[in-house]
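So that the names make sense, note that chain A is the first sequence line, chain B the second, and so on, each numbered from 1. All values reported here derive from a predicted model rather than from experimental measurement.
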Protein chains: 4
Amino acid sequence: MSMGILDRMTGRPRDPAVDEAIRAAALELTQEQGYRGLSMEGIAARSGVAKQTVYRRYRSKGEVVLDALVGFAFTQLPDPDTGSLRGDLTALLTATFRAGRGVAGDLNRALAVEALQDDEFAARLWHKLIAVRREAVAELLRRGRERGEVTHPDEEFLIDLVYGPYWYRLLFGPAVLTDARAQQLAEAVCRAAA
Amino acid sequence: MSMGILDRMTGRPRDPAVDEAIRAAALELTQEQGYRGLSMEGIAARSGVAKQTVYRRYRSKGEVVLDALVGFAFTQLPDPDTGSLRGDLTALLTATFRAGRGVAGDLNRALAVEALQDDEFAARLWHKLIAVRREAVAELLRRGRERGEVTHPDEEFLIDLVYGPYWYRLLFGPAVLTDARAQQLAEAVCRAAA
Amino acid sequence: MSMGILDRMTGRPRDPAVDEAIRAAALELTQEQGYRGLSMEGIAARSGVAKQTVYRRYRSKGEVVLDALVGFAFTQLPDPDTGSLRGDLTALLTATFRAGRGVAGDLNRALAVEALQDDEFAARLWHKLIAVRREAVAELLRRGRERGEVTHPDEEFLIDLVYGPYWYRLLFGPAVLTDARAQQLAEAVCRAAA
Amino acid sequence: MSMGILDRMTGRPRDPAVDEAIRAAALELTQEQGYRGLSMEGIAARSGVAKQTVYRRYRSKGEVVLDALVGFAFTQLPDPDTGSLRGDLTALLTATFRAGRGVAGDLNRALAVEALQDDEFAARLWHKLIAVRREAVAELLRRGRERGEVTHPDEEFLIDLVYGPYWYRLLFGPAVLTDARAQQLAEAVCRAAA
DNA sequence: TCGTAAGCGAGACGGTACGTCACGTCTTAAT
DNA sequence: ATTAAGACGTGACGTACCGTCTCGCTTACGA
């Protein structure tokens, strides 16, 4: 959220309303005009905030979008416990795909653009978002492993298998992030994991 | 390559050396400075060509990169026929991953950036590059289907499964496009396809 | 005028209408809001020209003002030949003071601001404006020397005596650049020169 | 110095060390980077003082510089009484020119910049600095008038003649504020005054 | 052979956004 | 009330590219 590593306790405190306005503006603009139409200048203008005030908090528009996305409710991944790996994965992937069809899809695309061009940002993105999502799958897999549903030794690989098609389709033609696809994918991962 | 629908037959013909210089400049700059450092302005400067001359051939830097990449040797996908789906997929994925570790990876990233921001370009990219690669896998799957190795009805889904992890890793941390991973993936796809 | 040392002969030629618009905008803005209210940004906006287009011609607003002033008619100093040093000086100083009471005074003040803060600019100002004005006085003094009206050996000093009070009053309280003062000054210089 | 018209007597008293630090910082920065590099922001930073603390005392950087300069020893003009106008003027001008060659020159230039852009400040500068200096000359002239050395009726004009060349040279090329020049000038003023 | 039609290098031009700097005001907690 | 610290709206800075344009020059082909 705030860029400071340690919270300062001196000086005028940052206005939380400003934080909110910036995030809101970033979301609005991304939805209205796509990521191409998003700029630090535009965010500042829309949120009625000075450019410096945005730069004080974020290095780039990517950071703004990331922060805005992290604040989203549907980012809180469900941690379903249906009793079977397939059920768990289906639940998680369905939720993921559904989010991907909405605003979150646009935001994810925006983050991808930034990450592809900036390694530092890619690293931050990984820690703040990607790693969290991966951990959710890892947890499912651990439970599956206890039940004997998972024998494949390489957890990382399996997680790639879960999220790979999601991002692939986010990149090229968003038309297929359907619930049916989510189910197919869960099934496929189960087979691979066995 | 040439943007004209119908070849004009009057006036001074385009200089092929210029085409070459532009592509070369795009490659060099992408490698040296990443996609962020790539600009139409820069391409023109580096190739010693007027800006207009670049615009006469390409709408955007994405198109330049796409054209440059298409001209690459390792873009010609192998069409292995090892006798088994697993063998075929392993061969194809190994080749793909290897390319992804080199320059082609940078170029693919560049194309992704452009595609994410421009739907028109995304469509062109799909037709010129993605569709071709997908067709290669489709062919393997057809052969596997004849042999009875493939029973899964949804070919499109399986192809997503093949390429999804590749792009996912191209986005986030390129460190894992190893030969071993290619093999793992081939194996997983086989299981899903069965 | 144009910043280029040698005129290029390739590329699209600069639009003279743009030159004109920039100078006009600079003059208008200086008169309307004083030098403090003058900015490269404002000049560009007022003249309906892109900021880069201004920067392509001038390094700073000082240069713009200088160029604008040099283009002025009343910059062409009179070279009076009244037959006496006192007559000549009176004519020249009266003209100078009169100009100083009008727009040229504001512009001169603007140039002083810039020169005081930038040695490089001060040098250019000297060559383009100050030196020219000094040469006019030098010519008068030479004629006076032939007539025996001038015996003082240090021409530079005498010129300082002519222009010093002018700039002093331009700096502090512009109320006294009267014709009477011009005459007094001419008289005083004559005495000093004798 | 202190901006308050009436001294307040409640609350925490102002720290005199702060006053000193601000003036010192202003001097240092002016010498190091010229007036262009001087800013309220910079003064505060260099003096280790909050920005507000500077603004509480001074309206603008010009005021700071003025205050700093007024505090200088060599600002106390000598009131020589050599017995002749020429002697008096030579003494005063030599002192003035010498100071102009040092830090005081830079400070004077700085004040000129501010005064040229801000009429209110120009007025304050006149009262606090210029008028004082002019009065010193006026005193010399009065004495000269008693002795019969001065017959010229316009005292103001003569004072302009004394200080004009000084400021002129402060503006354009400081190389000539020599002792010899001071003497020449004193001589010329004497002749004009006679 | 000569005109017409493009290609080409060069660079001007109106734009938009960048990221930074300083301004002058403000809000906080501590003194 | 003063102080250090720093947030904040504002406005300008100087730069980078964008995509289009206008020059003068050069290559071709076809009449």
Side-chain contact test, heavy atoms from C-beta onward, threshold under 4.5 Å: evaluate it for C:L116 versus D:L116 and give yes or no.
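C:L116 reaches D:L116 side chain to side chain.
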For residues B:T53 and B:R56, determine if any side-chain heavy atom of one lies less than 4.5 Å from a side-chain heavy atom of the other.
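With C-beta onward as the side chain, the pair touches.
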Rounded distance [0.5 Å steps], OG in C:S60 versus CD in C:E120
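Spacing of OG (C:S60) from CD (C:E120) equals 10.0 Å.
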Which is more 5' along DNA chain F, the nucleotide nearest C:K51 or the one nearest A:V49? Just name the residue.
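In this pair, the answer is A:V49.
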Select from D:T53 and A:P16 the residue whose nearest nucleotide in DNA chain F is closer to the 5' end of that strand.
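Going by which nucleotide is closer to the 5' end, it is D:T53.
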Suppose we screen for side chain to side chain contact (heavy atoms under 4.5 Å, CB included). Which residues come up paired with A:L170, at least two apart in sequence or across chains?
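In terms of side chain to side chain contact (heavy atoms under 4.5 Å, CB included), with neighbours along the sequence ignored, A:L170 is linked to A:N108, A:R109, A:Y166, A:W167, A:L177.
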Calculate the interatomic distance between [X] atom [atom1] and [N] atom [atom2]; express it in whole Å.
| X | N | atom1 | atom2 | answer |
| --- | --- | --- | --- | --- |
| A:R59 | E:dA17 | CZ | P | 23 Å |
| C:L29 | F:dA12 | CG | C1' | 14 Å |
| D:M40 | E:dC23 | CE | P | 7 Å |
| B:E41 | F:dT20 | CD | P | 13 Å |
| C:D15 | E:dG11 | CG | C1' | 14 Å |
| D:Q33 | E:dA22 | CD | C1' | 14 Å |
| B:Y55 | E:dC8 | OH | P | 17 Å |
| D:R36 | F:dC13 | CZ | C1' | 11 Å |

Nearest of [options] to any side-chain atom of [X]?
| X | options | answer |
| --- | --- | --- |
| D:S39 | F:dA7, E:dC23, E:dC13 | E:dC23 |
| D:R14 | F:dT10, F:dC17, F:dT3 | F:dT3 |
| B:K61 | F:dC18, E:dC23, E:dG14 | F:dC18 |
| D:Q52 | E:dT25, F:dG9, F:dT3 | E:dT25 |

In terms of side-chain geometry, is the basic nitrogen of C:E114 or C:K61 positioned less than 4.0 Å from the acidic oxygen of its partner?
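Looking at C:E114 and C:K61, the cut-off is not met.
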Before giving the answer on side-chain contact (heavy atoms from CB on, under 4.5 Å), spell out for C:Q117 and C:V113 the whole-Å C-alpha distance, their side-chain angles and the decisive distance to 0.1 Å.
CA-CA 7 Å; C:Q117 291 175 278; C:V113 171; 3.4 Å; yes
Which is it for B:L69 and B:V103 under the side-chain contact (heavy atoms from CB on, under 4.5 Å) test, yes or no, and what are the steps along the way?
CA-CA 9 Å; B:L69 182 54; B:V103 208; over 6 Å; no
Residues from residues 113-123 of chain D lying under 4.0 Å of DNA chain F - heavy atoms
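Going residue by residue through residues 113-123 of chain D, none turns out to have a heavy atom under 4.0 Å of DNA chain F.
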Whichever of A:G37 and C:S47 has its nearest DNA chain E nucleotide further upstream toward 5':
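Comparing both residues, the 5'-ward one is C:S47.
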Residue closer to the 5' end of DNA chain E, B:A50 versus C:V18 (nearest nucleotide)
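Of the two residues, B:A50 wins.
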For E:dG11 and C:R56 - does any side-chain N or O of the residue sit under 4.0 Å from the phosphate oxygens OP1/OP2?
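Answer is no, no contact under 4.0 Å.
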Answer yes or no: does a side-chain N or O of D:R57 lie under 4.0 Å from OP1 or OP2 of F:dT3?
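Answer yes for this pair, as a side-chain N or O of D:R57 is under 4.0 Å from OP1 or OP2.
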At their closest point, which heavy atom of C:R23 faces which heavy atom of C:A68, and how far apart are they?
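Result for this residue pair: CD-CA, 3.6 Å.
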For B:S47 and B:A25, which heavy atoms make the closest approach, and how far apart are they?
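Reported closest heavy-atom pair: CB-CB, 3.7 Å.
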Identify the pairs formed between an N or O of the protein and an N or O of nucleotides 29-31 of chain E at a distance under 3.5 Å, and give each distance.
unit_1: E:dT31; atom_1: O2; unit_2: D:R12; atom_2: NH1; d: 3.3

Describe the nucleic acid contact of C:G48 in one word from base, sugar-phosphate, nothing, applying a heavy-atom distance below 4.0 Å.
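Counting heavy atoms under 4.0 Å across all strands, the contact made by C:G48 is with sugar-phosphate only.
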Just do the salt bridge (charged side-chain N to carboxylate O under 4.0 Å, His left out) check on B:R57 and B:D19 with the steps written out, would you?
CA-CA 8 Å; B:R57 290 164 164 74; B:D19 292 71; 3.2 Å; yes
